[in-house]
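Quantities reported herein were computed from a predicted structural model and do not represent experimental measurements. Index from 1, following the sequence.
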Amino acid sequence: MFKSDEGAANASSEVASSVQDSVGELPLPPDFVWGAATAAYQIEGGVHQDGKGPSIWDVFSHLEPSHTSGQHGDVACDHYNRVSEDVALLASYGVDVYRFSISWSRVIPLGGRTDAINEKGIGFYNDLIDRLLSYNIKPVATLYHWDLPLELEKRYGGMLNTAEFQADFSRYACLCFSRFGDRVKQWITFNEPYIISIYGHHSGVLAPGHHSSVEPFRVGHSIIVSHAAVVEEYVTGFQKCQQGSISIVMNGDYYEPYDASSEADRAAAQRRMEFYIGWFGDPIYLGADYPASMRNQIGSRLPHFTKSERELLSRTASSNSFYGMNHYTSQYARARTASPAQDDCFGNVDELHINSDGVAIGPLSGVSWLRVTHHQFRKLLCWLWTRYRRPIYITENGCPCPGENTMTVEEAVDDQFRIRYFGLYLDAISRAIYEDGVNISGYYAWSLMDNFEWSAGYGIQFGITHVDFSTFVRTPKKSAYYLRESLKRRKEMGSMIGKVESKTTFH
Ligand code: BGC
């Protein structure tokens with residue numbers, strides 16, 4: 001996994017919260033959509049096929065010594081050559097929607113605004129979109145899921161050059177709107193700006209693998225400004241005739257105070273979420289500056305928005321008509337007593353899985369950073385709704401089962417741990433909708449199939465479909481059918497309740 005997998009807690013000696021919770025199978029609104037999500041580099045393969053240009057991931061996954069557990073995405077799930085099989089599989093799960101990402105260097109091999117378009121790459125996505133629609137599955141496209149065209153990194157340092165990046169990203173986005181927007185009605189500009197900034201440019205565990213305490217904030221700034229510019233291009237040039245929506249997908253854990261009786265820890269938990277989510281959410285959804293907590297601490301490392309950038313943000317804020325949220329787990333935050341280190345990027349907090357009473361935030365999954373924390377998921381939904389007031393789509397959610405990486409296929413498909421995780425998280429959504437008044441429109445399981453899990457290579461499995469990476473045989477896991485049946489039942493129950501009014505709507 002790209003998030004550190006070191007220091008797995010000793011699960012036997014801790015008291016895990018919520019171990020006893022059982023799934024209530026609670027209702028969901030009848031128009032609630034569900035589906036599965038993937039990303040181009042994690043599944044496509046076809047790295048040299050049909051004129052695709054290289055991306056920073058093609059280099060990063062071939063570094064020596066390896067940064068990706070000795071593995072790469074050259075072939076991945078071979079989805080590039082198995083689209084018809086994969087879409088049929090997806091349809092057999094009864095999904096309403098499918099979230100995939102477009103590989104920028106497949107459609108513009110060099111990536112730049114005057115570089116050539118690769119019609120074969122365009123054709124691949126046209127075919128995927130048409131197949132989805134033939135099964136009545138709505139395509140939802142992410143423009144950027146981490147695979148920057150390598151040439152742009154070489155030419156000007158990629159996202160480190162805000163103006164150049166913005167211009168190239170706009171041309172790429174407009175190409176996608178004009179070629180696919182007649183059929184793609186929901187657009188996501190960037191997947192997880194926090195991860196791109198921090199893991200790509202601070203810890204260096206993701207491409208391009210930089211270690212800096214300044215770069216993350218420049219990269220974050222480039223993403224925010226490029227996002228807003230593309231939202232404006234969509235709204236002014238395409239939305240009227242294409243009738244689609246556009247926004248961004250952010251991720252974020254919920255933070256509980258390490259010691260609930262400590263005011264400092266309670267403040268640390270809030271501050272940590274501002275450094276994680278508010279960093280991007282406040283400028284994008286509120287048209288505001290970076291959170292004051294960041295301004296105060298990050299100082300000159302945090303760029304200032306120019307006058308024209310501020311105007312762009314305030315013009316476009318309301319056009320982000322939904323909040324895309326990837327969410328997996330939660331943590332405890334403990335305030336540090338010393339003043340923040342010069343290079344701190346996190347709000348001067350320690351992040352922990354066990355609190356001051358020795359209680360674990362939740363049961364451990366198959367990867368050390370992910371614990372089952374459905375109660376905190378519900379709290380996060382409320383936190384986001386209160387702050388941003390946009391209908392929420394959970395654009396990724398899922399987990400690997402404990403020990404799944406050493407299981408036979410027969411064992412792996414009987415994924416009871418994942419089924420329970422999905423059940424508890426869906427219940428949390430139901431409670432947030434019906435009890436807390438949060439507007440939540442849809443849910444995507446991560447992921448349609450086991451795939452290239454970034455720095456963990458193929459060693460961690462998030463799929464609802466098992467993939468044998470030597471034969472490419474796909475075998476549905478029980479969770480895929482659980483989701484199909486459970487969502488059907490939940491929506492049937494929801495149709496008997498009638499329409500829910502959110503506490504306050506945005507517009
Ligand atoms: C990313 C996915 C990744 C998943 C599980 C998300 O942050 O968008 O690409 O596979 O987490 O680690």
Under 6.0 Å between ring centres, would you say that holds for [X] and [Y]?
X: Phe462; Y: Tyr328; value: yes
X: Tyr285; Y: Tyr323; value: yes
X: Tyr93; Y: Tyr481; value: yes
X: Phe275; Y: Tyr255; value: no
X: Tyr41; Y: Phe452; value: yes
X: Tyr290; Y: Phe305; value: yes
X: Phe217; Y: Trp279; value: yes

Please determine, by modelled atom types, if [X] and [Y] share a side-chain donor-acceptor pair under 3.5 angstrom.
X: Tyr276; Y: Asn251; value: yes
X: Gln461; Y: Asp450; value: no
X: Ser319; Y: Glu232; value: no
X: Asp253; Y: Thr329; value: no
X: Asn320; Y: His227; value: yes
X: Tyr421; Y: Thr373; value: no
X: Asn191; Y: Asn326; value: yes
X: Asn126; Y: Arg183; value: yes

* For side-chain contact (heavy atoms from CB on, under 4.5 Å), just list the numbers for Tyr393 and Val140, CA-CA rounded to whole Å, side-chain angles, deciding distance to a tenth of an Å, and then say yes or no. => CA-CA 12 Å; Tyr393 285 87; Val140 175; over 6 Å; no
Taking the side chain as every heavy atom from C-beta outward, state whether [X] and [Y] have any pair of such atoms under 4.5 Å apart.
X: Glu192; Y: Tyr199; value: no
X: Lys138; Y: Val33; value: no
X: Gln242; Y: Lys185; value: yes
X: Phe100; Y: Thr142; value: no
X: Ser197; Y: Arg218; value: no
X: Leu89; Y: Pro476; value: yes
X: Val467; Y: Asn451; value: no
X: Arg272; Y: Gln331; value: no

Could you give the distance from [atom1] ([X]) to [atom2] ([Y]), rounded to the nearest 0.5 Å?
X: Ile440; Y: Leu384; atom1: CD1; atom2: CG; result: 9.5 Å
X: Leu426; Y: Leu483; atom1: CG; atom2: CG; result: 6.5 Å
X: Trp187; Y: Tyr234; atom1: CH2; atom2: OH; result: 7.5 Å
X: Tyr98; Y: Leu133; atom1: OH; atom2: CG; result: 13.5 Å

Quick check: closest heavy atoms across [X] and [Y], and the distance to 0.1 Å?
X: Trp104; Y: Gly111; answer: NE1-O, 3.1 Å
X: Tyr444; Y: Thr395; answer: CB-O, 3.3 Å
X: Phe165; Y: Ser226; answer: CD2-OG, 3.3 Å
X: Ser486; Y: Glu25; answer: OG-OE1, 2.8 Å
X: Gly200; Y: Pro208; answer: O-CD, 3.6 Å
X: Leu312; Y: Ala229; answer: CD2-N, 3.8 Å

Look only at the side chain of [X] and the backbone of [Y], and say whether a donor-acceptor pair between them is shorter than 3.5 Å.
X: Ser495; Y: Glu492; answer: yes
X: Ser105; Y: Gly53; answer: yes
X: Ser430; Y: Pro27; answer: yes
X: Thr465; Y: Leu448; answer: yes
X: Glu44; Y: Asp78; answer: no
X: Gln243; Y: Lys240; answer: yes
X: Gln71; Y: Tyr458; answer: yes
X: Ser479; Y: Asp415; answer: no
X: Asp427; Y: Leu26; answer: yes
X: His327; Y: Gly252; answer: yes

Under a 4.0 Å threshold between the charged nitrogen and the carboxylate oxygen, would [Y] count as salt-bridged to [X]?
X: Lys379; Y: Asp436; result: no
X: Asp147; Y: Lys52; result: no
X: Arg378; Y: Glu435; result: yes
X: Glu164; Y: Arg113; result: yes
X: Lys478; Y: Asp414; result: yes
X: Glu485; Y: Lys488; result: yes

For [X] and [Y], take the angle between the two ring planes, folded into 0 to 90°, and tell me which bin it lands in: parallel under 30, tilted 30 to 60, perpendicular over 60.
X: Trp57; Y: Phe60; value: perpendicular
X: Phe472; Y: Phe469; value: perpendicular
X: Phe124; Y: His79; value: perpendicular

* Check against side-chain contact (heavy atoms from CB on, under 4.5 Å), Phe190 and Met159 -> CA-CA 12 Å; Phe190 293 91; Met159 295 179 177; 3.9 Å; yes
* Asked: Can Arg106 be said to sit on top of Tyr80's aromatic six-ring, NZ or CZ under 6.0 Å from centre and within 45° of the ring axis?
  -> yes
* Identified side-chain contact (heavy atoms from CB on, under 4.5 Å) partner of Tyr172 from the options Ile108, Leu152, Val230, Ile117 -> Ile108
* To do: With sequence neighbours excluded, tell me which residues meet side chain to side chain contact (heavy atoms under 4.5 Å, CB included) with Ala39.
  => Gln42, Ser101, His145, Trp446
* To do: Show the numbers, then the answer: is there a side-chain contact (heavy atoms from CB on, under 4.5 Å) between Ile277 and Tyr388?
  => CA-CA 11 Å; Ile277 298 170; Tyr388 300 124; 4.1 Å; yes
* Determine, stepwise, if the pair Arg179 / Glu119 fulfils side-chain contact (heavy atoms from CB on, under 4.5 Å). => CA-CA 10 Å; Arg179 298 300 190 91; Glu119 291 298 336; 2.9 Å; yes
